[in-house]
Asks: 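Could you have a look at this structure, given as structure tokens, before my questions?
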2 protein chains.
Amino acid sequence: MTECSSNPIIDEWLGRLQAAGYRLTAPRKAVVETIATSQHVLSPQEMYEQARERYPALGLVTVYRTVEKLDELGLIQRVHQPSGCHAYIPAAPGHQHLLICQSCGRAEYFSGDRLDALMEEVAGESGFQIQDHWLQLFGKCRDCGVNFS
Amino acid sequence: MTECSSNPIIDEWLGRLQAAGYRLTAPRKAVVETIATSQHVLSPQEMYEQARERYPALGLVTVYRTVEKLDELGLIQRVHQPSGCHAYIPAAPGHQHLLICQSCGRAEYFSGDRLDALMEEVAGESGFQIQDHWLQLFGKCRDCGVNFS
DNA sequence: GTGATTGCAAAGCGTTTGCACCGTA
DNA sequence: TACGGTGCAAACGCTTTGCAATCAC
């Protein structure tokens with residue numbers, strides 16, 4: 001954990017935490033380093049296991065408390081899947097939608113601006129004022145989707 | 001609870017339970033009658049409170065066990081919302097998408113077949129094999145969305 | 001030095017399980 | 001009558017909270 005991370009995303013997140021008045025501690029850095037660059041959805045338990053490789057004395061409670069702060073700062077977002085809703089990924093800039101591999105948890109964003117017309121149509125038909133929307137696709141990624149499944 | 005329900009949806013659900021080898025009991029009927037015709041998402045706790053008006057001796061455990069069976073038979077589906085994922089509604093026939101009021105929990109389905117082109121496009125760009133998708137819109141329904149909010 | 005942060009242990013909450021009694025088929 | 005279903009109480013897993021010791025600033 002003394003290694004110079006020199007990853008711009010991690011540095012950005014640490015800076016955001018500091019700017020919000022939070023202190024930069026070794027356990028907190030271990031958690032941030034684990035999530036900030038993850039391509040896969042991570043549950044608190046998974047963050048805990050992975051971050052402990054960087055900081056073995058880490059407590060699970062610290063993971064929860066760090067997740068809370070990162071969520072509050074909009075740096076991560078919870079991912080809802082058929083299998084459960086306990087995982088997080090780095091938040092997308094702007095309004096994007098999710099593509100998630102149900103085998104390995106790989107998550108990718110894609111632009112969903114093609115939905116505006118549909119949403120207006122549904123709003124008109126239903127009388128709802130639409131405030132938010134979720135579009136998520138589930139499947140198998142290139143690595144998991146190959147033959148003999 | 002002795003009252004003749006004579007609601008075709010309720011009768012259909014009770015028949016499906018019976019056909020699957022489950023017995024029709026008064027507590028189970030109270031839960032089915034509560035969910036089968038609900039226009040609003042219901043958590044197990046809410047089902048419990050509402051179903052107790054029909055069968056006051058009902059136990060919360062029976063709600064969970066009935067939900068499990070209805071889910072297994074595809075009669076209900078879990079609803080995922082920003083505020084949590086503990087609620088259920090009657091399942092949609094075919095592939096439909098959801099529109100949910102964040103004030104009162106009213107849920108409506110709409111057809112999402114307009115998504116096929118988008119999904120193919122995203123599959124091609126990402127290399128994912130898409131197996132399932134969720135599209136959900138959140139907002140305020142006609143009754144909740146009115147003025148002075 | 002001071003106050004935020006930590007890890008532990010305990011509490012909290014929604015859900016599931018064990019069990020003896022009950023009621024459907 | 002037989003056996004699935006019931007409610008209670010206890011167990012469970014995940015998450016949060018209370019607390020004294022620690023550490024960033």
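Residue numbers start from 1 in every chain, and the chains themselves are labelled A, B, ... in the order their sequence lines are given, proteins ahead of strands. Only a predicted model underlies this, so the values are computations on that prediction, with no experimental measurement involved.
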Asks: In whole Å, what is the span from the OH atom of Tyr48(A) to the P atom of dC8(C)?
Replies: 7 Å
Asks: Are the side chains of Tyr88(B) and Ser38(B) in touch, meaning some heavy atoms are under 4.5 Å apart?
Replies: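 Sidechains of Ser38(B) and Tyr88(B): no contact.
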Asks: In whole angstrom, give the distance that lies between atom OH of Tyr22(A) and atom C1' of dC25(D).
Replies: 16 Å
Asks: What's the CG-C1' distance between Leu58(B) and dC22(C), to the nearest Å?
Replies: 15 Å
Asks: Are the charged groups of Glu33(A) and Arg28(A) less than 4.0 angstrom apart, N to O?
Replies: no
Asks: Report the distance from atom CD of Gln45(A) to atom P of dG13(D), rounded to the nearest whole Å.
Replies: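 Rounded to the whole Å, the gap is 12 Å.
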Asks: Arg28(A) side chain N/O closer than 4.0 Å to the phosphate oxygens (OP1, OP2) of dT6(C)?
Replies: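 Yes, because at least one side-chain N or O of Arg28(A) sits under 4.0 Å from OP1 or OP2 of dT6(C).
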Asks: Would you mind reading off the distance between Arg65(B) atom CZ and dT17(C) atom P, rounded to a whole angstrom?
Replies: 10 Å
Asks: Is the phosphate of dT24(C) approached by Gln18(B) (side-chain N or O, under 4.0 Å from OP1 or OP2)?
Replies: no
Asks: Tell me the interatomic distance from Glu68(A), atom CD, to dC14(D), atom P, rounded to whole angstroms.
Replies: 19 Å
Asks: One pair to check against side chain to side chain contact (heavy atoms under 4.5 Å, CB included): Phe138(B) and Phe128(A). What are the steps and the verdict?
Replies: CA-CA 9 Å; Phe138(B) 303 103; Phe128(A) 272 61; over 6 Å; no
Asks: Do the ring planes of His133(B) and His97(B) sit parallel (below 30°), tilted (30 to 60°) or perpendicular (above 60°)?
Replies: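 Answer is tilted, since the angle falls between 30° and 60°.
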Asks: Check whether any side-chain N or O of His86(A) sits under 4.0 Å from OP1 or OP2 of dG13(D), and answer yes or no.
Replies: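 Result: no.
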Asks: May I have the distance from Met47(A) (atom CE) to dC14(D) (atom P), rounded to whole angstrom?
Replies: 14 Å
Asks: Would you tell me if any nitrogen or oxygen in the side chain of Thr25(B) comes within less than 4.0 Å of OP1 or OP2 on dT6(D)?
Replies: yes
Asks: I need the Glu53(B) CD to Leu58(B) CG distance, nearest 0.5 Å.
Replies: 11.5 Å
Asks: Distance check needed: dT16(C) C1' versus Leu60(B) CG, whole Å only.
Replies: 11 Å
Asks: Does a side-chain N or O of Arg23(A) approach OP1 or OP2 of dG3(C) to a distance below 4.0 Å, or not?
Replies: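 Checking Arg23(A) against dG3(C): no side-chain N or O falls below 4.0 Å of OP1 or OP2.
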Asks: Let me spell it out: for each of Arg52(A) and Pro44(B), pick the nucleotide of DNA chain C with the closest heavy atom. Which residue's pick is nearer the 5' end?
Replies: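 Nearest nucleotide further toward 5': that of Arg52(A).
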